[in-house]
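For reference, the structure is listed below as structure tokens.
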Amino acid sequence: MDLISSTLADDIGTITLDHPAKRNALSAALVKGLLEALADFAQRKARVVILRAASGAKVWSAGHDVGELPAGRRDPLGWDDPLRHLVREIEQFPAPVIAMIEGSVWGGACETVLACDLIVAAPGASFAATPAKLGVPYNISGMLTFLNAADVRIVKEMVFTARPITAERAEQVGLINYLVPAAEIDAFTLDLARTIAGNAPLSIAVMKEQLRILAGARPMSPQGFERVQGLRRLVYDSDDYLEGIRAFQEKRKPVFRGR
Ligand code: LCV
């Protein structure tokens, strides 16, 4: 069963998340489909990609597939995790990726959307960073994705409260580029894509890569990195981490005890 669909027309690639039964959770299988579509578009020299869910989706994506998170004792967001691959491929894709959002976006999907180059959202859309709700120690490059997308105070609000922020608020704080009525969002996003596709692709590709390298150039000493990795290990080895995953699977509110 295909969990995504993709089309390429007039140099514009469109990828649609299509696994509503699991609210487009970013499972390894769904991410594999996304990566294959992006690789195909790169090979066919797409000049811009639109990443979307089905029209009228209530949930754009529920984030990392919780059922695929390790049950403790292993970094849940290590280098080879499918979500980490997806974020890197979007950032390194040689053309702009536009996230077109209808519905709610959760956790790793929120980071995936923020890793896109432009974001167009409809009223009713929302964005939630959920590690604190699950007891997950988010990873450093993931935190950098958030930090590059919003003021640190907004990032702290998102990650400490784990509460969704509305598309309206996201526009106010500059988290998204455009807020467009649902009835117009398809045409608006296609027009934006067409504008980009009509410009010089080589110039755009090099500016996107320059911005990626500059945005990633944040000083962190080896000692600082090791300290953070040690702190993250304490979290994913904690009872709270197991409790977060268990509570999600038992469809109940987690009880975190700070150990
Ligand atoms: C697997 C799911 C999921 C799901 N995984 O429908 O950023 S971090 O660190 O937190 C990172 C590790 C991460 O991204 O973690 C995931 C964060 N995501 C969330 O916290 C959102 C979890 N999902 C929900 O709160 C609800 O599913 C929403 C509000 C998205 C939709 O609610 P709704 O009532 O429409 P259900 O909850 O009934 O879900 C429908 C089916 O999708 C599965 C869920 O288990 C259910 O499966 P069953 O029908 O087999 O029970 N599902 C939803 N999200 N992230 N599976």
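Owing to the predicted nature of the structure, the values given are computational and were not obtained by experimental measurement. In listed order, ligands and their atoms are each counted from 1.
For atom 25 (O) of ligand 1, the candidate residues are His19, Lys58, Glu68, Lys133; the nearest heavy-atom contact is made by Lys133. Distances from atom 9 (O) of ligand 1 to the heavy atoms of Thr130, Leu26, Val136 show the closest one on Val136.
Closest heavy-atom contact between Leu30 and Leu17: CD2-CD2, 3.8 Å. When all heavy atoms of Phe188 and Val120 are compared, the closest pair comes out as CD2-CG1, 3.9 Å. Residues Asp117 and Lys208 share a closest heavy-atom pair of OD2-NZ, 2.8 Å. Tyr241 approaches Val235 most closely through the heavy-atom pair CB-O, 3.4 Å.
Atoms of ligand 1 lying under 4.0 Å from at least one heavy atom of Gly63, given by number and element, are 14 (O). Of all atoms in ligand 1, listed by their number and element, those nearer than 4.0 Å to a heavy atom of Asp65 are 1 (C), 5 (N). Using a 4.0 Å cut-off to heavy atoms of Ala21, the atoms of ligand 1 that qualify are 40 (C), 41 (C), 42 (O). Proximity to Gly108 (heavy-atom distance under 4.0 Å) selects the following atoms of ligand 1: 7 (O), 13 (C), 14 (O). Near Gly107, with a cut-off below 4.0 Å to any heavy atom, the atoms of ligand 1 are 7 (O), 14 (O). In summary, the atoms of ligand 1 found under 4.0 Å from a heavy atom of Lys22, numbered by their order in the structure, are 1 (C), 42 (O), 56 (N). Ligand-side atoms of ligand 1 in range of Phe248: 2 (C), 3 (C), 4 (C), 22 (C), 23 (N), 54 (N), range being under 4.0 angstrom from any heavy atom.
Atom 1 (C) of ligand 1 is approached by the protein to below 4.0 angstrom, counting heavy atoms only. For atom 42 (O) of ligand 1, the nearest protein heavy atom lies closer than 4.0 Å. Taking a distance limit of 4.0 Å, we find that atom 18 (N) of ligand 1 is approached by some protein heavy atom. Within a 4.0 Å radius of atom 7 (O) of ligand 1, the protein has at least one heavy atom. There is no protein heavy atom closer than 4.0 angstrom to atom 37 (O) of ligand 1.
Judged by distance alone, the side chains of Asp2 and His19 never bring a donor and an acceptor atom under 3.5 Å apart.
Scanning the protein heavy atoms around atom 15 (O) of ligand 1, the nearest turns out to be Leu134 CD1, 3.2 Å. What sits closest to atom 32 (O) of ligand 1 on the protein, heavy atoms only, is Arg23 NE, 4.5 Å. Closest to atom 12 (C) of ligand 1, if we only count protein heavy atoms, is His64 CB, 3.8 Å.
Atom CD1 of Ile101 sits about 9.0 Å away from atom OG of Ser61, to the nearest 0.5 Å. Within the model, atoms CG of Leu51 and CG of Leu38 stand 7.5 Å from one another, a figure rounded to the nearest 0.5 Å.
The existence of a salt bridge linking Asp237 and Arg73 is confirmed by a sub-4.0 Å separation between a basic side-chain nitrogen and an acidic carboxylate oxygen. The pair Arg153-Glu157 does not meet the salt-bridge criterion, since no charged nitrogen lies less than 4.0 angstrom from a carboxylate oxygen. For the pair Asp240 and Arg257, the salt-bridge criterion is not met [side-chain N within less than 4.0 Å of a carboxylate O]. Using a 4.0 Å cut-off between a side-chain N of Lys or Arg and a carboxylate O of Asp or Glu, Arg232 and Asp75 qualify as a salt bridge.
Backbone and side-chain nitrogen or oxygen atoms of Ala62 are examined, and one is located within less than 3.5 angstrom of a nitrogen or oxygen of ligand 1. Considering backbone and side-chain atoms alike, Lys251 places an N or O below 3.5 Å from some N or O of ligand 1. Of the N or O atoms in Trp106, none lie within a sub-3.5 Å distance of an N or O in ligand 1. For ligand 1, one of its N or O atoms has an N or O atom of Val66 under 3.5 Å away.
The side-chain heavy atoms of Phe256 and Asp239, taken from C-beta on, include no pair separated by under 4.5 Å.
The only option from Glu89, Glu111, Glu91 that meets the salt bridge (charged side-chain N to carboxylate O under 4.0 Å, His left out) definition with Arg84 turns out to be Glu111.
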